[in-house]
Amino acid sequence: MAFLCRSAAVLLKPSRAAPALLSAARLYSSGGQYEYILVEKRGENNNVGFIQLNRPKALNALCDGLMKEVGQALDAFEADADVGAIVITGSDRAFAAGADIKEMQNRTFQECYGGNFLAHWNRVSMVKKPVIAAVNGFALGGGCELAMMCDIIYAGEKAQFGQPEILLGTIPGSGGTQRLTRAVGKSLAMEMVLTGDRINAQDAKQSGLVSRIYPVEQLVPEAVKCGEKIAANSKLISAMAKEAVNAAYELTLAEGNHLEKRLFHATFATDDRKEGMTAFVEKRKAIFQDN
Amino acid sequence: MAFLCRSAAVLLKPSRAAPALLSAARLYSSAGGQYEYILVEKRGENNNVGFIQLNRPKALNALCDGLMKEVGQALDAFEADADVGAIVITGSDRAFAAGADIKEMQNRTFQECYGGNFLAHWNRVSMVKKPVIAAVNGFALGGGCELAMMCDIIYAGEKAQFGQPEILLGTIPGSGGTQRLTRAVGKSLAMEMVLTGDRINAQDAKQSGLVSRIYPVEQLVPEAVKCGEKIAANSKLISAMAKEAVNAAYELTLAEGNHLEKRLFHATFATDDRKEGMTAFVEKRKAIFQDN
């Protein structure tokens, strides 16, 4: 909380404050200050990239600028050799309560199609490193879709998930109809998409949408712990494992097994595989080099 | 219950009873005749929920070709009815549909099945553009389970039982049971049900993802109608697009499904209802959809 207050206090100052006040390097992107998100590295070894959506007055409603900044932060973490996993979270009250409706209220079909509206919003689903969504409070519409683009979802006890776009006369536009259905099954997905009704954390876990529930204040530390567990493994092999799991949604079972086999064989071309198996046989801790 | 007793009483009379007795318009199809195997009406405060009740009580609603044809006719009528925004299909308290009519298919040959495309039109429910809710009390077995799974949403009564017992008759599910059940409940449970014929109860069905809600027996149908009303309050045009996108999850890869969803999403910006919905949101008022 102290971190949030300090950051909020700094952000309330004009953005061109004296460099001394902004010496906390974490608030800078590689070339400027983030306006909509907070970015830092967490974990004992600073190996978990941490992105916090920060539009409190809008309950973290996703606007184009915020999604661009999330993309920039992800680019930086992908390039950072220290970072082995990434956690994305919001506030205690809201992960992200939707997309910014005012921003899209007056768009036309022509503008949407021609400008490929929402195209870059899938950046999270293109990340090679494992991404954990830590969802406290509302994950609705685009916020639910953002969480589902991540690899793992942890939920706080008061989390609520929903796709209420139908109530605005539209449909989910960033994968909601596809990922929700694959996660929770047809009946529940149809019910959520056609009525706009929400489900709570317990329903979300029971239906397979999230894998763990934690008390609100423990959610983020536990998500970071999960990130640390992942970051202790080989980044190279983790990327291959994630690629294989994601392929389950793109290929038939036979071809998915084919891809997995090719990736599995490929791990035998790596130092990390040799180190991991040798360490196991020698009953010692493996030291991975991401190679 | 009163409704069912009255209907049962009417139906027990000879089918060519005097028109005065059958003045309850719901018993007529729009084609001008009377339904023999089903009861059809509109429900909800605004009469915007189409309601189809399977009605072969002596056969525990076993699905025969005639019944499925009538269901198709009722669905055609509701699709064309501008008042109707959602449809509920249900059976009796004892049975949603306890299977297909075995006597009807007992002596069929492979040649007749293949040449006559046996069961082809039984998938009509899966072709409906408007949202369909199955309200399952009691037995949904074999073709009955398959019929429920063709619907978009399944609500179950506390005593509902789902099963695919075709294997015990020396055949296999023929209307999507092996496909929809597996996608809904996972391989192990689907294999177990299909290979043993064993049933699962309502709690198992919810926990496995087959149904999304369970209600006490007498509350099931009213709650299903309420869900239909909730859906019917939205734009019919946009609901059809939403349903199309969700169904595409079972036909396309994730990447291509996202592609289709994006195209449908962009297309909503060509509709009046999308503009009305978002404008109403920003202006903090209730949206008035025109299905346009």
Side-chain angles (χ1 to χ4, degrees), chain A residues 98 101-102 104-119 121-122 125 163-197 199 203 206-208 246-253, chain B residues 86 131 133-134 149 151-155 180 183-185 206-213 227 230-231 234-235 238-239 241-243 245-250 252-258 260-282 287 289:
Chain A
I101 304 305
K102 290 205 189 91
M104 61 175 90
Q105 181 190 352
N106 294 316
R107 283 184 191 249
T108 63
F109 165 74
Q110 293 83 341
E111 285 164 354
C112 286
Y113 187 90
N116 211 356
F117 182 43
L118 297 193
W121 285 37
N122 72 345
S125 68
Q163 300 282 170
E165 289 86 344
I166 195 72
L167 306 175
L168 303 179
T170 188
I171 69 168
S174 291
T177 63
Q178 302 305 300
R179 292 194 175 91
L180 185 66
T181 309
R182 285 166 171 80
V184 308
K186 185 171 88 167
S187 189
L188 185 53
M190 282 282 192
E191 194 175 352
M192 290 173 72
V193 169
L194 293 171
T195 64
D197 285 352
I199 60 173
D203 293 333
Q206 211 239 318
S207 66
N246 274 331
Y249 296 103
E250 305 294 347
L251 300 169
T252 63
L253 177 57
Chain B
I133 303 154
M149 293 193 292
C151 300
D152 302 307
I153 299 167
I154 305 180
Y155 278 8
R180 292 193 176 92
R183 284 164 172 79
V185 308
K206 178 167 193 293
Q207 216 234 320
S208 66
L210 178 61
V211 315
S212 43
R213 285 192 199 270
C227 178
K230 214 181 270 191
I231 292 173
N234 299 320
S235 162
I238 307 298
S239 293
M241 296 166 79
K243 171 174 163 160
V246 171
N247 274 331
Y250 295 104
L252 300 170
T253 64
L254 177 56
E256 280 304 316
N258 285 336
L260 174 71
E261 182 200 75
K262 187 75 106 242
R263 291 285 163 262
L264 285 169
F265 169 71
H266 285 172
T268 66
F269 284 77
T271 68
D272 298 333
D273 282 341
R274 192 285 317 168
K275 179 139 194 160
E276 162 65 7
M278 288 193 178
T279 303
F281 177 85
V282 170
F289 296 119

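The chains referred to below are lettered A, B, ... by the order of the sequence lines, with proteins before strands, and numbering in each begins at 1.
Taking both residues in full, the closest heavy atoms of A:L194 and B:A242 are given as CD2-CB, 4.1 Å, listed atom of the first, atom of the second, then distance. Between A:M104 and B:R274, the shortest heavy-atom contact is O-NH1, 3.3 Å. Nearest heavy-atom pair, A:G185 versus B:Y250, reported as atom, atom and distance to 0.1 Å: C-OH, 3.8 Å. Nearest heavy atoms, B:F265 versus A:L118: CE2-CD1, 3.4 Å.
Between B:R213 and A:L188 there is no side-chain heavy-atom pair separated by less than 4.5 Å. B:Y155 is listed as a side-chain neighbour of A:E191, based on a closest heavy-atom distance under 4.5 Å. Within the 4.5 Å cutoff, side-chain heavy atoms of B:K206 are placed close to those of A:Q206.
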Note to self: I'd like to know whether B:F269 forms a side-chain contact (heavy atoms from CB on, under 4.5 Å) with A:E111, so could you lay out the CA-CA distance, the side-chain angles of the two residues, the decisive distance to 0.1 Å, and finally the verdict.
What the structure shows: CA-CA 9 Å; B:F269 284 77; A:E111 285 164 354; over 6 Å; no
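For a residue to count as touching a neighbouring chain, one of its non-hydrogen atoms must lie under 4.5 Å from one of that chain's; by this rule A:N116 touches chain B with backbone and side chain alike. Contacts of B:A245 with chain A are made by both backbone and side-chain atoms, with heavy-atom separations under 4.5 Å. The contact between B:N247 and chain A is made by backbone and side chain atoms together, counting heavy-atom distances below 4.5 Å. Contacts of A:R107 with chain B are made by both backbone and side-chain atoms, with heavy-atom separations under 4.5 Å. When heavy atoms are compared at a cutoff of 4.5 Å, B:A255 approaches chain A by way of both its backbone and its side chain. Of the atoms belonging to B:N234, it is side-chain heavy atoms, and not backbone ones, that fall under 4.5 Å from chain A. Contact of A:M192 with chain B is not made at all, since no heavy-atom distance falls under 4.5 Å. Using a 4.5 Å cut-off between heavy atoms, B:L210 touches chain A through its backbone atoms (N, CA, C, O) alone. When heavy atoms are compared at a cutoff of 4.5 Å, B:V282 approaches chain A solely by way of its side chain, counted from C-beta outward. At a 4.5 Å heavy-atom cutoff, the contact between A:T108 and chain B is made by backbone atoms alone. With a threshold of 4.5 angstrom between heavy atoms, B:R263 approaches chain A through side-chain atoms but not through N, CA, C or O.
Between B:H266 and A:Y113, the ring-plane angle classifies as perpendicular under the 30° and 60° cut-offs.
Considering NZ of A:K186 and CD1 of B:I154, their distance stands at 7.5 Å, rounded to 0.5 Å. Taking CD of A:Q178 as the reference point, atom CG of B:L252 lies at 7.0 Å (rounded to 0.5 Å). Here the NZ-CH2 distance, from B:K262 to A:W121, works out to 9.5 Å after rounding to the nearest 0.5 Å. Separating the NZ atom in A:K102 from the CE atom in B:M278 is a distance of 13.5 Å, to the nearest 0.5 Å.
Across B:D272, B:L264, B:I238, the residue that shares the most heavy-atom pairs under 4.5 angstrom with chain A is B:I238.
Around atom NZ of B:K230, no more than 12 heavy atoms belonging to other residues, nucleotides or ligands sit under 6.0 Å away.
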Name the atoms and distances for all side-chain donor-acceptor pairs under 3.5 Å in residues 167-177 of chain A, with sequence neighbours left out.
{"residue": "A:T170", "atom": "OG1", "partner": "B:T268", "partner atom": "OG1", "Å": "2.8"}
{"residue": "A:T177", "atom": "OG1", "partner": "B:E261", "partner atom": "OE2", "Å": "2.7"}

